[in-house]
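To start, the structure under review is shown below, and the notes come after it.
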Protein chains: 2
Amino acid sequence: MDSATPRRRRPRADARRNYERLLAEADAVFREHGVDASLERIARQAGVAIGTLYKHFPTRLALIAALLRERHDALFARGDALLADASPGAALATWIRLVVAHAATYQGLAALFIVGPGLKAAELAEDCARLASVTEQLVGTARAAGALRPEVTSADVSALMNAAAWVHEEISADQANRLLDLAVAGMTPTGTALGS
Amino acid sequence: MDSATPRRRRPRADARRNYERLLAEADAVFREHGVDASLERIARQAGVAIGTLYKHFPTRLALIAALLRERHDALFARGDALLADASPGAALATWIRLVVAHAATYQGLAALFIVGPGLKAAELAEDCARLASVTEQLVGTARAAGALRPEVTSADVSALMNAAAWVHEEISADQANRLLDLAVAGMTPTGTALGS
DNA sequence: ACCTGAACACCGTTCAAGT
DNA sequence: ACCTGAACACCGTTCAAGT
């Protein structure tokens, strides 16, 4: 059985260094120019040839996915912790803020998340599925606790989070927060904030 | 004085025909591939050389603006009519639907509208300003009539309209409508739909 | 007055040749 | 095992030359 998943050989030192430099430069370039930024620029800034970038990351999405790996693990861990929170409304409110802030880190990232499990985004499909799963559980708990109107779906909450992240990218964090607060008030039985 | 704005000379017949064909093909290509579609493809499909496209439309935004001209005139006319509506809440609700449907016609259009009067978009700046102006007036009337919570700004409504159009582009008209209904409920003193 | 298409720059992607 | 960089395709944009 184990032979089907051979343990990875220790990578060569220069390969590992190139991999790390590429990730670091990709983060810098994506922060400044969004996830559609030039891959050639990333390779150039990392001091490697373009072929080396493609060797390590066969597609743009593979690069993005590798870049998000650690942050996603941390995000999902926080999500799992929130599921055990005593106040389901407050837990969902916290989760929404976390996800919006994360999805707004690079311009264009929210657009990737929103298509999610959809056709494309192969390398990010699993991350999107986990994101949707945690959201669905938190929405379910909040609804069961009476913190959400019964007709609000987890798809509604996901769409809102991505839309708010997009507003954050395109206008400002402030305007994104206002949209979030208004829409959340519309999802609440009392017409106010979640968890209050 | 009039000599400062010389009356346009009648364009040559082939020039006029090329102009019209370019607009028609641009509409078709933008509908299928969004506003970032290849200009070369548009010229090719219109049967003209790339230089001819640039002669008529010096920038991509000039082409988009020309394409939206008639639709914008119709939209703003409807907006002016809505300002005289007896029910300000219902009028705003109608306006929101009109703008969202319009902003979702081409993928990427909402992203242009949301930056609006912002730095770029020179050729579209005036259209964005008129859009914002009508929205501001309708929001003001609705608020004065008690149909909106007092703290809701016209910037909030504009952000919501663009966000809903984006969700329409990226997911579905249905999901966009759900976001719209939920957020509007959060903007209303009663937590329900506008104009009811 | 308008149109054509070559020219240049830049990027995505692949792959033969090197070490 | 990994890296390099040329090669090809495609597009944005400009402009000299044609009609």
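Here the structure is a predicted model, which means the values were calculated and not measured.
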Geometric class of the His102(B)/His72(B) ring pair [parallel <30°, tilted 30-60°, perpendicular >60°]:
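Answer is perpendicular, since the angle exceeds 60°.
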For the residue pair Tyr19(A) and His56(A), does the interplanar ring angle fall in the parallel (under 30°), tilted (30 to 60°) or perpendicular (over 60°) class?
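Tyr19(A) vs His56(A) ring planes: perpendicular.
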Is any side-chain heavy atom of Leu39(A) closer than 4.5 Å to one of Tyr54(A)?
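Contact flag for Tyr54(A)/Leu39(A) side chains = yes.
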Cut-off 3.5 Å, side chains only: do Thr190(A) and Thr188(A) have a donor facing an acceptor?
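Absent: no donor and acceptor within the cut-off.
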Close approaches to DNA chain D from residues 45-54 of chain A, in residue order (heavy atom, under 4.0 Å):
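Close to the strand are Val48(A), Ala49(A), Ile50(A), Gly51(A), Thr52(A).
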Go through residues 21-41 of chain B and report each residue with a non-hydrogen atom lying under 4.0 Å from DNA chain D, sorted by number.
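Of all residues in residues 21-41 of chain B, the ones placing a heavy atom under 4.0 Å from DNA chain D are Ala37(B), Ser38(B), Leu39(B), Glu40(B).
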Report the distance from atom [atom1] of [X] to atom [atom2] of [N], rounded to the nearest whole Å.
X: Arg17(A); N: dC2(D); atom1: CZ; atom2: C1'; result: 12 Å
X: Phe57(A); N: dC3(D); atom1: CZ; atom2: P; result: 11 Å
X: Lys55(A); N: dC3(D); atom1: NZ; atom2: C1'; result: 8 Å
X: Tyr19(A); N: dA1(D); atom1: OH; atom2: P; result: 18 Å
X: Arg60(A); N: dT13(C); atom1: CZ; atom2: C1'; result: 12 Å
X: Asp14(A); N: dG18(C); atom1: CG; atom2: C1'; result: 14 Å
X: Glu20(A); N: dC2(D); atom1: CD; atom2: C1'; result: 16 Å

Stepwise salt bridge (Lys or Arg N to Asp or Glu O under 4.0 Å) check, Arg143(A) with Asp156(A):
CA-CA 13 Å; Arg143(A) 189 168 36 212; Asp156(A) 292 338; over 6 Å; no
Quick one: stems involving DNA chain C, counted as three or more successive Watson-Crick or G-U pairs, both distances short of 3.5 Å.
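Counting only runs of 3 or more consecutive pairs, the stems involving DNA chain C are C:4-8 with D:12-16, C:12-16 with D:4-8.
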Determine, stepwise, if the pair Phe30(A) / Ile64(A) fulfils side-chain contact (heavy atoms from CB on, under 4.5 Å).
CA-CA 9 Å; Phe30(A) 285 162; Ile64(A) 295 170; 3.8 Å; yes
Rounded distance (nearest 0.5 Å) linking atom CG of Leu22(B) with atom OG1 of Thr52(B):
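So the CG of Leu22(B) and the OG1 of Thr52(B) are separated by 7.5 Å.
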For dC2(D), does OP1 or OP2 lie under 4.0 Å from any side-chain N or O of Asn18(A)?
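Answer no for this pair, as no side-chain N or O of Asn18(A) is under 4.0 Å from OP1 or OP2.
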Please state whether the phosphate of dC2(D), meaning OP1 or OP2, lies under 4.0 angstrom from any side-chain nitrogen or oxygen of His56(A).
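Answer no for this pair, as no side-chain N or O of His56(A) is under 4.0 Å from OP1 or OP2.
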Can you give me the closest heavy-atom contact between Ala165(B) and Ala104(B), atom names plus distance?
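Where Ala165(B) meets Ala104(B) most closely, the heavy atoms are O-CB, 3.9 Å.
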Just call it for Arg44(B): base, sugar-phosphate, or nothing, with non-hydrogen atoms closer than 4.0 Å on any strand.
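Result for Arg44(B) = sugar-phosphate.
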Less than 4.0 angstrom from a charged side-chain N to a carboxylate O is my criterion; do Arg41(B) and Asp36(B) meet it?
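Here Arg41(B) does not pair with Asp36(B) in a salt bridge, since their nearest N and O are not under 4.0 Å apart.
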Do Arg31(A) and Asp27(A) sit within salt-bridge range, that is, some charged N less than 4.0 Å from a carboxylate O?
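Counted as a salt bridge, because a side-chain N and a carboxylate O are separated by less than 4.0 Å.
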Can the ring centroids of His168(A) and Tyr106(A) be said to lie less than 6.0 angstrom from one another?
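Centroid distance His168(A)-Tyr106(A): not below 6.0 Å, so no.
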